[in-house]
Amino acid sequence: MNQISPLPVYDKEVITSLIGDDPTLIRKYQNQFFHQAKLSLRSFVSNYRSQDSGALKEGAHFLKTSAKAIGALACADLLERLEQACLNKNASLQKELLSQIQLSLKELQSVLSHESK
Amino acid sequence: MKVNSSIICRHPKVIMIHDHREDSGAAAIISDCVRQFRSFRIGDEAVKAIQEYQPYILLIEVETVADALRHYVTLVKEFDCLQHPHHVVLLCPNKEVGLAYDICSQGVFYDYFVSRPMYEKYRLKSIINTLAKSYDENELLLDKSAEYIDENNCDIVELIDEIKAMSSQVEETIADCKTSIKQDLSAEQHAEQVSDTVSELLNKIEGDIHQSLAKIMAGLTQHKEKNLDGKNLLEQAIKQRSTQQIDKLAKLKAKQKTDTLANSSDPTSVEPVETAAKILLVEDNHIYRDMIKQILQKADYKVDESADGMEALRQVKKSKYDLIIMDLFMPKLDGLNTTKQFRKMANKKDLPIIALTSNKNKELVQKWVKYGINSYIMKPSKQENILAAVDKALS
């Protein structure tokens, strides 16, 4: 599957300009984000299955905030598109974006683990 | 067919009103267990039915919880309906389950049920069954065999029988207690007579005390008038002294600010605050909230947190804040509506509010200003931009 977001998976500058360049603090927020994303993805799937576009949109908006803050730009972009797909009640696009978000999170994990080495 | 038999009921005691474009399936579930049920689309016919049949149980299934509240108020206030004992069950969409819960927990409605999407039909039946027990159970409910209880499963059957027997025992005990209370009532009547006599005596004593107090008060008023001149002089002196103290404090603060500016070696550094301003940070995403909190605390601000608008309203009622920084899109109560509520509060009309948003739409920004938001911070912003916005709002 092709990555549909033109934005970079990760931009460290975003988080450092927000909270500074303390690596321990950055790592803490990154870990918190992955935990939050894991829980969000579960609820996304459940809301998608029950076709509750309202709840799916709310969930996407919620995760977008922290995705943007930690610099996960591609993921944030996909979440914003998911919000729009929910507004348009476009179920097939919602499904595709859910897969893309999952993929972007995996890529983010890989980028961050390379960075910490 | 059972479904038809209840739908065509001529004197329904369970009524559902709805504004369906699509059927959620709730009506079919209710008619499957209720003998006297009818469903009406909101309109004149529904109002007429409620007035005529005076239902024990009213189920409301409309687009939003707010609509349900509005319809209920209209029925009661405009159409003078529901002036008899009744219970209301709210059928709501899943996305509003929190709001529905809050409303029912405050006793506004009896209970709620998530009907969109419909995935727990037995809970709806259970609500209706429990409610039917408050009225005439046999009159309301259709006979249902316990289809899920396997008669061959001795364990379950025995346990059910045992619990039923225990319940009967408890009911008998309660009935016995009621009988003995009735018997005690005659003794209580005698006690009431004694109590009447005592009350008369107490009234007399109370009257005497009032008379004595009136005399004392008259004496005090005379005394107060004599001292009034002295009091006026004292108040003037206190006022003068307070003004002097305020002037002195203002001069001191101005001097502190000048010193701070003079000592600042880095011109790009953010100016420290003179006294710790208290900020309420309202954001549902705890990660972002924590980040902003750290930034503000490092800049010596005192920060309290809220995860949604409802919580923020409660906190603002309890404590005094110099500034509110608030996300616009939050569950329960969003930033715009929370701002509207703040502005309705006494002494909060000028409280500075900064919105946290990722929306750049200018028309929206104008709308926020109309609602009472003073400025906004884009999500995410740089640390210095956040502190500059806070500093500007506080100055």
Side-chain angles (χ1 to χ4, degrees), chain A residues 10-22 24-40 43 46-73 75-77 79-81 83-84 86-87 89, chain B residues 22 24 63-65 92-99 114-120 270 281-299 307-308 326-335 355-361 377-387:
Chain A
Y10 179 61
D11 181 353
K12 193 179 176 183
E13 174 60 21
V14 178
I15 193 164
T16 50
S17 68
L18 185 64
I19 58 159
D21 55 4
D22 176 357
T24 317
L25 197 60
I26 292 175
R27 174 49 65 188
K28 179 188 120 180
Y29 286 126
Q30 285 169 347
N31 288 340
Q32 282 184 4
F33 172 72
F34 280 118
H35 180 68
Q36 192 178 67
K38 195 175 153 189
L39 297 177
S40 290
S43 71
S46 149
N47 288 327
Y48 171 75
R49 279 186 187 146
S50 61
Q51 272 309 293
D52 189 343
S53 289
L56 187 55
K57 183 187 170 295
E58 264 181 32
H61 181 83
F62 174 82
L63 189 63
K64 186 181 76 177
T65 297
S66 40
K68 275 190 176 179
I70 70 144
L73 300 188
C75 181
D77 179 43
L79 287 162
E80 200 164 309
R81 289 175 194 216
E83 279 186 84
Q84 200 54 47
C86 291
L87 280 175
K89 304 221 164 155
Chain B
E22 287 170 29
S24 71
E63 188 79 16
T64 64
V65 171
C92 67
N94 189 37
K95 63 182 175 185
E96 287 196 307
V97 65
L99 179 59
V114 177
S115 61
R116 284 151 292 160
M118 172 76 69
Y119 52 78
E120 212 190 338
V270 181
L281 180 60
V282 194
E283 163 67 57
D284 61 331
N285 190 309
H286 66 88
I287 296 177
Y288 191 57
R289 192 172 69 229
D290 195 56
M291 287 175 171
I292 304 285
K293 186 185 167 188
Q294 294 235 358
I295 294 166
L296 295 172
Q297 281 179 335
K298 271 185 196 165
D308 59 64
M326 182 163 54
D327 183 17
L328 285 182
F329 298 97
M330 292 180 291
K332 291 188 187 170
L333 191 65
D334 65 24
L356 289 170
T357 181
S358 45
N359 202 316
K360 293 171 189 168
N361 188 322
I377 296 173
M378 287 304 293
K379 277 184 184 179
S381 270
K382 289 182 178 174
Q383 193 172 124
E384 57 261 36
N385 295 345
I386 294 169
L387 289 172

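Below, read A as the first sequence line, B as the second, and so on, with proteins coming before strands; counting in each chain starts at 1. Worth knowing before you read on, the calculation uses all heavy atoms, side chains too, and leaves out hydrogens, waters and symmetry mates.
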Under 4.5 Å from a heavy atom of chain A, the part of B:I287 involved: both
Quick check for you: to the nearest 0.5 Å, what is the distance between A:S53 atom OG and A:Q51 atom CD? 5.5 Å
Find the one option among A:A69, A:G54, A:A55, A:A76 whose heavy-atom pairs under 4.5 Å with chain B are most numerous. A:A69
How long is the gap from CG on A:L79 to CZ on A:F62, to the nearest 0.5 Å? 11.5 Å
Does a donor on one side chain sit under 3.5 Å from an acceptor on the other, for A:Q36 and B:N285? yes
Nearest 0.5 Å please: distance from the CG atom of B:L356 over to the OG1 atom of A:T65. 9.0 Å
Report the distance from atom NZ of A:K89 to atom NZ of A:K57, rounding to the nearest 0.5 Å. 12.0 Å
Among B:K382, B:K95, B:M291, who wins on heavy-atom pairs under 4.5 Å with chain A? B:M291
Just give me the residue among B:D327, B:D290, B:N94 that pairs up with chain A most often, heavy atom to heavy atom, under 4.5 Å. B:D290
Interface moiety of B:N385 toward chain A, non-hydrogen atoms closer than 4.5 Å: neither
Against chain A, label B:E283 side chain, backbone, both or neither, depending on which of its atoms sit under 4.5 Å from a heavy atom there. side chain
Which answer fits B:I386, side chain, backbone, both or neither, if we ask what part of it has an atom under 4.5 Å from a heavy atom of chain A? side chain
Quick one: does any side-chain atom of B:Q383 pair with a main-chain N or O of A:L18 as donor and acceptor, under 3.5 Å? yes
